[in-house]
Amino acid sequence: MNTQTILLASRPNGTPTAEQFRFESREVPAPTANQVLLKTLYVSVDPYMRGRMSAAKSYVAPFEVGQPIAGGVVAEVVESHSDKLPVGSVVVGNLPWQQFNVADAQTVNQVPADKAPASYFLGLLGMPGLTAYFGLLDICQPKAGETVVVSGAAGAVGMIVGQLAKIQGARVIGTAGSDEKVAYLKELGFDEAINYKTTPDIAQALAAAAPNGIDCYFDNVGGAITDAVYDQLNKHARIALCGQISTYNATEAPVGPRPEGKLLKTSTKLQGFIVSDYLDRWPEGVKQLTEWYTQGKLKGEETVTEGFDQIPAAFLGLFKGENTGKAVVKVA
């Protein structure tokens with residue numbers, strides 16, 4: 001049988017465009033011992049993939065030009081040569097952007113699709129949820145009554161960070177790029193939310209929203225918002241450095257304030273992390289997130305685009321702020 005696949009056609013210079021993607025029909029091999037044939041249900045599009053489109057050295061190997069792009073996929077087992085994954089099982093794994101894939105059974109994980117929508121295992125109960133869980137609870141360690149600021153708060157990771165901080169009893173402030181997203185953050189229980197695109201002075205707005213200073217900062221964005229946060233840090237503040245989406249498409253190294261002096265004076269801990277640092281603890285994270293979800297303490301939000309051919313457009317939309325919550329593409 002044949003399947004449609006999406007290849008990296010060329011490496012972008014600056015913001016990616018549709019020209020970076022090429023559709024191609026490829027033959028799917030027949031599964032053999034301990035393999036499964038998978039029908040793609042949902043595809044995840046994530047900001048980190050922009051880094052993999054570049055040839056620059058990073059924490060994960062770049063995509064190869066002329067080869068399929070791969071990422072988080074939820075799929076259904078339609079043919080199985082594995083005792084562990086019967087036909088009808090729903091699994092999640094890092095798979096090529098294809099309508100059908102053949103995979104070794106041990107490279108994908110079965111998910112309890114009866115406990116939550118299948119797509120949630122790419123978001124709230126998947127990689128973004130685990131990123132929020134470990135980054136906030138392991139690095140920031142917010143205490144009841146402290147103030148937590150989250151940038152990119154209406155994104156897949158940020159919206160979960162804010163909810164987890166509320167579960168810990170913290171006061172939570174989020175930044176987002178539209179009035180609709182600000183209203184959504186308030187619905188989730190954020191104490192304050194700031195539209196950074198319409199706020200003339202972000203530092204002044206943060207000072208007003210956090211009159212007692214900032215104890216924890218979960219940074220998804222970098223840039224001017226992060227510069228403003230540094231001025232409000234309390235003694236022994238903690239910063240989890242998760243993403244820098246404001247600079248991902250920059251063609252030159254951005255110039256900004258040097259923060260080291262402010263971090264020194266406040267004895268602030270700044271720690272960058274990648275969620276794969278915590279691979280050995282993923283089962284712990286999934287179990288706890290699922291428990292909070294079933295208890296009604298965590299809500300998931302998705303921007304769902306329909307159609308395999310719309311995957312590139314959904315990915316490019318990440319850099320225009322088109323998504324609220326997790327961006328996924330429904331394929332089947």
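Computed from a predicted structure; not experimentally measured.
In this structure a side-chain-to-backbone donor-acceptor pair under 3.5 Å is missing from Gln232 to Val229. Between the side chain of Asn101 and the backbone N or O of Pro96, at least one donor-acceptor pair lies under 3.5 Å. Side chain of Asp138 to backbone of Gly135: no donor-acceptor contact under 3.5 angstrom is found. Listed for the Gln288 side chain is no donor-acceptor partner under 3.5 Å among the backbone atoms of Gly285. Side chain of Ser246 to backbone of Val221: a donor-acceptor contact under 3.5 angstrom is found.
Side-chain contact between Leu85 and Val108: present, with at least one pair of heavy atoms (C-beta onward) separated by less than 4.5 Å. Looking at Pro16 and Leu316, their side chains come closer than 4.5 Å, going by heavy atoms from C-beta outward. Using a 4.5 Å cut-off on side-chain heavy atoms (C-beta onward), Val90 and Tyr42 make no contact. A heavy-atom distance below 4.5 Å is not found between the side chains of Met159 and Pro128. Between Thr303 and Glu322 the shortest side-chain heavy-atom distance does not fall below 4.5 Å. The side-chain heavy atoms of Gln163 and Lys299, taken from C-beta on, include a pair separated by under 4.5 Å. For the pair Leu125/Leu130, no side-chain contact is recorded, criterion being any heavy-atom separation below 4.5 Å from C-beta on. Counting heavy atoms from C-beta outward, Lys269 and Ile139 have side chains that approach closer than 4.5 Å.
With sequence neighbours excluded, the residues forming a salt bridge (Lys or Arg N to Asp or Glu O under 4.0 Å) with Asp46 are Lys326, listed by chain and number. Here Ala153 pairs with Val150, Leu185, Phe190 under the side chain to side chain contact (heavy atoms under 4.5 Å, CB included) rule; sequence neighbours left out.
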Inset, instruction - May I have the step-by-step check of side-chain contact (heavy atoms from CB on, under 4.5 Å) for Tyr293 and Leu124, ending in yes or no? - result: CA-CA 9 Å; Tyr293 170 73; Leu124 179 66; 3.5 Å; yes
Legend entry - Tyr120 and Val111: CA distance, side-chain angles, deciding distance, side-chain contact (heavy atoms from CB on, under 4.5 Å) verdict: CA-CA 10 Å; Tyr120 276 27; Val111 297; over 6 Å; no
Legend entry - Full working for side-chain contact (heavy atoms from CB on, under 4.5 Å) between Phe23 and Thr5: CA-CA 6 Å; Phe23 287 79; Thr5 185; over 6 Å; no
Inset, instruction - Could you please spell out the steps behind the side-chain contact (heavy atoms from CB on, under 4.5 Å) verdict for Leu289 and Tyr133? - result: CA-CA 8 Å; Leu289 290 167; Tyr133 178 85; 4.3 Å; yes
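A side-chain donor from one of Asp219 and Ser151 sits under 3.5 Å from a side-chain acceptor of the other. Counting only N and O atoms by type, the side chains of Thr32 and Gln35 include a donor and acceptor under 3.5 Å apart. With 3.5 Å as the limit, one finds no donor-acceptor pair spanning the side chains of Thr266 and Tyr230. In the model, Ser10 has a side-chain atom that pairs as donor or acceptor with a side-chain atom of Gln20 under 3.5 Å. Defined by atom type and a distance below 3.5 Å, a donor-acceptor pair is missing between the side-chain atoms of Asn2 and Arg26.
Here the closest heavy-atom approach between residue Gln98 and residue Pro68 is recorded as OE1-CG, 4.2 Å. Across Ser80 and Val36, no two heavy atoms sit closer than the pair OG-CG1, 3.7 Å. Contact detail for Glu301 and Tyr184: the closest heavy-atom pair is CB-OH, 2.7 Å. Considering every non-hydrogen atom in both Gln106 and Asn34, the closest pair reads OE1-O, 4.3 Å. A pairwise comparison of heavy atoms in Arg11 and Pro62 identifies NH1-CB, 4.2 Å as the closest pair. Here the closest non-hydrogen pair linking Val148 and Ala170 is CG2-CB, 3.8 Å.
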Considering only distance and modelled atom types, tabulate donor-acceptor pairs under 3.5 Å from the side chains of residues 197-210, sequence neighbours left out.
from   : atom 1 : to     : atom 2 : distance (Å)
Thr198 : OG1    : Asn195 : ND2    : 3.3
Thr199 : OG1    : Asn195 : O      : 2.6
Asp201 : OD1    : Ala203 : N      : 3.1
Asp201 : OD1    : Gln204 : N      : 3.0

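In the hydrophobic clustering of this structure, Ile214 does not group with Leu264; members are Ile, Leu, Val, Met, Phe, Trp, Tyr whose side-chain heavy atoms approach within less than 4.5 Å, directly or through other members. A single hydrophobic cluster is seen to contain both Val60 and Ile69, as judged by linkage of ILVMFWY side chains at heavy-atom distances under 4.5 Å, directly or through other members. Connection of Phe134 to Leu298 is established within a shared hydrophobic cluster, with ILVMFWY side chains joined at heavy-atom distances below 4.5 Å, either directly or through further cluster members. Follow the hydrophobic side-chain contacts under 4.5 Å out from Leu38 and you reach Phe308 in the same cluster. There is a path of hydrophobic side-chain contacts, each under 4.5 Å, that joins Met127 to Leu279.
Remark: Arg281 engages Glu284 in a salt bridge, criterion side-chain N to carboxylate O under 4.0 Å. With salt bridges taken as basic N to acidic carboxylate O contacts below 4.0 Å, none links Arg238 and Asp215. Using a cutoff of 4.0 Å between basic side-chain nitrogens and carboxylate oxygens, Glu24 and Arg22 are scored as salt-bridged.
Surrounding NZ of Lys262 are more than 12 heavy atoms belonging to other residues, nucleotides or ligands, all under 6.0 Å away. Atom CD of Gln295 is surrounded by more than 12 heavy atoms from other residues, nucleotides or ligands within 6.0 Å.
Here CD of Glu291 is found 6.5 Å from OG1 of Thr294. Values are rounded to the nearest 0.5 Å. Put simply, CH2 on Trp292 and CG on Leu164 are 5.5 Å apart, with the number rounded to the nearest 0.5 Å. Taken from OG1 in Thr305 to CD in Glu302, the straight-line distance is 10.5 Å, to the nearest 0.5 Å. With values rounded to the nearest 0.5 angstrom, Asp309 atom CG is found 8.0 Å from Ile6 atom CD1. Ile245 CD1 to Asn249 CG: the interatomic distance, rounded to the nearest 0.5 Å, is 8.0 Å. Atoms CD and CG, on Glu146 and Asn234 in that order, are 8.5 Å from each other to the nearest 0.5 Å.
Here Val28 sits in one hydrophobic cluster together with Met1, Leu37, Val78, Phe100, Val102; the rule is ILVMFWY side chains under 4.5 Å apart, joined directly or through other members. Taking a 4.5 Å side-chain heavy-atom cut-off between Ile, Leu, Val, Met, Phe, Trp and Tyr, the cluster of Val182 contains only that residue.
Residue pairs that meet the salt bridge (Lys or Arg N to Asp or Glu O under 4.0 Å) test with at least one member in residues 172-192, sequence neighbours left out, are Lys166-Asp191, Arg171-Glu192.
Side-chain rings of Tyr248 and Tyr48 stay apart, their centers remaining 6.0 Å or farther from each other.
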